[in-house]
Amino acid sequence: GRSYKYISVDVDGFVALVELRRHQAHNALNLELMEELVAELERLDVDDDVRCTVLTGSTRAFAAGADISEMVDATAVEMKLRNQFRCWDRIRWLRKPLIAAVNGYALGGGCELAMACDIIVAGENAKFGQPEVNLGIMPGAGGTQRLVRAVGKARALEILLTGEPITAEEALQFGLINRVVPSELCVQEALRIAQVISSKAPLAVQLIKESVGKAYDSTLQDGMEYERNCFYLLCGSQDKTEGMRAFMEKRQPFFQGR
Ligand code: CAA
């Protein structure tokens, strides 16, 4: 197999298991990790020997979001030029099913990454949330758009505006995820579903995924673009600077609404 800095890949039968391995930072999604991840997902997508992929993190964190240390000092223009979400867009074009096996934190970009997958299996200890508002920003990788479609407006707004995470059980009730299992069985259960899917006709599987995507996608595009521009605009705000600095300095932020 290939060697990566931030991920590991294991193929068994038709099923690939991709693991995020930046455990000391709760799998914070820095640019290099995202590049590695998406490059590998694209490679698996054109590998005829792979029919379904499971994506997982550690027992404590699926992913704690975009890497705040990469954004804390970046200006709005730098963020725009960096094109941070370019690799995220490529996940949407993957043809084969992607299953998230989530233990621990799936926050911010981590929650968005799980939602970019087709099926989500969670361990009992999983926590899903969009805490961007605590940093003076907002989601930029689909958080406002996919969450509304998954759980409805009222629940999405509560999650997005309070920044408070929800439990795996709540996420199940809300329809955000597919099932909750004991944490130690989470990856195993995701692999089981992947094995079932990979036993089906690959072209049928691909076209089912494509068709569901069309239904789901019809008005998503405009929302994503609008969200993104708002995200970049907020990167020009003082509260973003304050929120991210406060996080880095491990203190409470002082927001002034500008
Ligand atoms: N970015 C950068 N570093 C992060 C990180 C992140 N998103 N999340 C955690 N880390 C780092 C911490 O800074 C810490 O590093 P050091 O050991 O060097 O101090 C290490 O990971 C362990 O984290 P904690 O000490 O904070 O661990 P904890 O168990 O006390 O708390 C946590 C865990 C609740 C997940 C907490 O780390 C946290 O709140 N993380 C930030 C979550 C967040 O705000 N995510 C949204 C990011 S913005 C985003 O994602 C926008 C977008 O869509 C583009």
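Please read these numbers as outputs of a predicted model, since none were measured by experiment. In each ligand, atom 1 is the first atom listed, and ligand 1 is the first ligand listed.
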Looking only at non-hydrogen atoms, which of [options] approaches [atom] most closely?
{"atom": "atom 1 (N) of ligand 1", "options": "I68, L113, N30", "value": "I68"}
{"atom": "atom 38 (C) of ligand 1", "options": "W88, F231, F247", "value": "F247"}
{"atom": "atom 45 (N) of ligand 1", "options": "C111, A61, A64, G143", "value": "A64"}
{"atom": "atom 6 (C) of ligand 1", "options": "A66, G163, G104", "value": "A66"}

Check: [Y] and [X] side chains under 4.5 Å, non-hydrogen atoms:
{"X": "E70", "Y": "Q84", "answer": "no"}
{"X": "E32", "Y": "D67", "answer": "no"}
{"X": "H23", "Y": "R60", "answer": "no"}
{"X": "I137", "Y": "M244", "answer": "yes"}
{"X": "E112", "Y": "E132", "answer": "yes"}
{"X": "L29", "Y": "L20", "answer": "yes"}

Output yes when a protein non-hydrogen atom is found under 4.0 Å of [atom], and no otherwise.
{"atom": "atom 36 (C) of ligand 1", "answer": "no"}
{"atom": "atom 8 (N) of ligand 1", "answer": "yes"}
{"atom": "atom 53 (O) of ligand 1", "answer": "yes"}
{"atom": "atom 23 (O) of ligand 1", "answer": "yes"}
{"atom": "atom 15 (O) of ligand 1", "answer": "no"}
{"atom": "atom 30 (O) of ligand 1", "answer": "no"}
{"atom": "atom 26 (O) of ligand 1", "answer": "no"}

Practice task
Tell me, yes or no, whether the heavy-atom count around K209 atom NZ, taken from other residues, nucleotides or ligands under 6.0 Å, exceeds 12.
Solution key: yes
Under 3.5 Å: N/O of [X] near N/O of ligand 1:
{"X": "A141", "answer": "no"}
{"X": "Y105", "answer": "no"}
{"X": "L107", "answer": "no"}
{"X": "G109", "answer": "yes"}
{"X": "Q84", "answer": "no"}
{"X": "E132", "answer": "yes"}

Checking contacts here: is it the side chain or the backbone of [X] that comes within 4.0 Å of ligand 1, counting heavy atoms only? Could be both or neither.
{"X": "K250", "value": "side chain"}
{"X": "A28", "value": "side chain"}
{"X": "Q24", "value": "backbone"}
{"X": "L135", "value": "side chain"}

Handout entry: Pairs where residues 190-201 contributes a residue and the test side-chain hydrogen bond (donor to acceptor under 3.5 Å, both in side chains) is met, not counting sequence neighbours
Key =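 Only E189-R192 qualify under side-chain hydrogen bond (donor to acceptor under 3.5 Å, both in side chains).
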Exercise for the section: State whether the side chain of K96 and the backbone N or O of L44 hold a donor-acceptor pair below 3.5 Å, judged by distance alone. Expected result: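 Yes; at least one donor-acceptor contact below 3.5 Å.
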Exercise for the section: For R60 and ligand 1, answer yes if some heavy atom of the residue is under 4.0 Å from a ligand atom, otherwise no. Expected result: yes
Practice task
Over all heavy atoms of both residues, which pair between M248 and S69 is shortest? Give the atoms and the distance, please.
Solution key: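 Heavy-atom minimum between the residues: CE-CB, 3.6 Å.
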Handout entry: Atom indices of ligand 1 within 4.0 angstrom of A25 heavy atoms, with elements
Key =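 By the 4.0 Å cutoff, the relevant atoms are 9 (C), 10 (N), 21 (O).
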Fill in the blank from the handout: Note: ligand 1 atoms sitting under 4.0 Å from heavy atoms of G140 are 53 (O)
Only pairs under 3.5 Å count here: list side-chain donor-acceptor contacts from residues 6-19, not counting sequence neighbours, and write none if there are none.
unit_1: Y6; atom_1: OH; unit_2: N30; atom_2: ND2; d: 3.4
unit_1: E19; atom_1: OE2; unit_2: R21; atom_2: NH1; d: 3.3

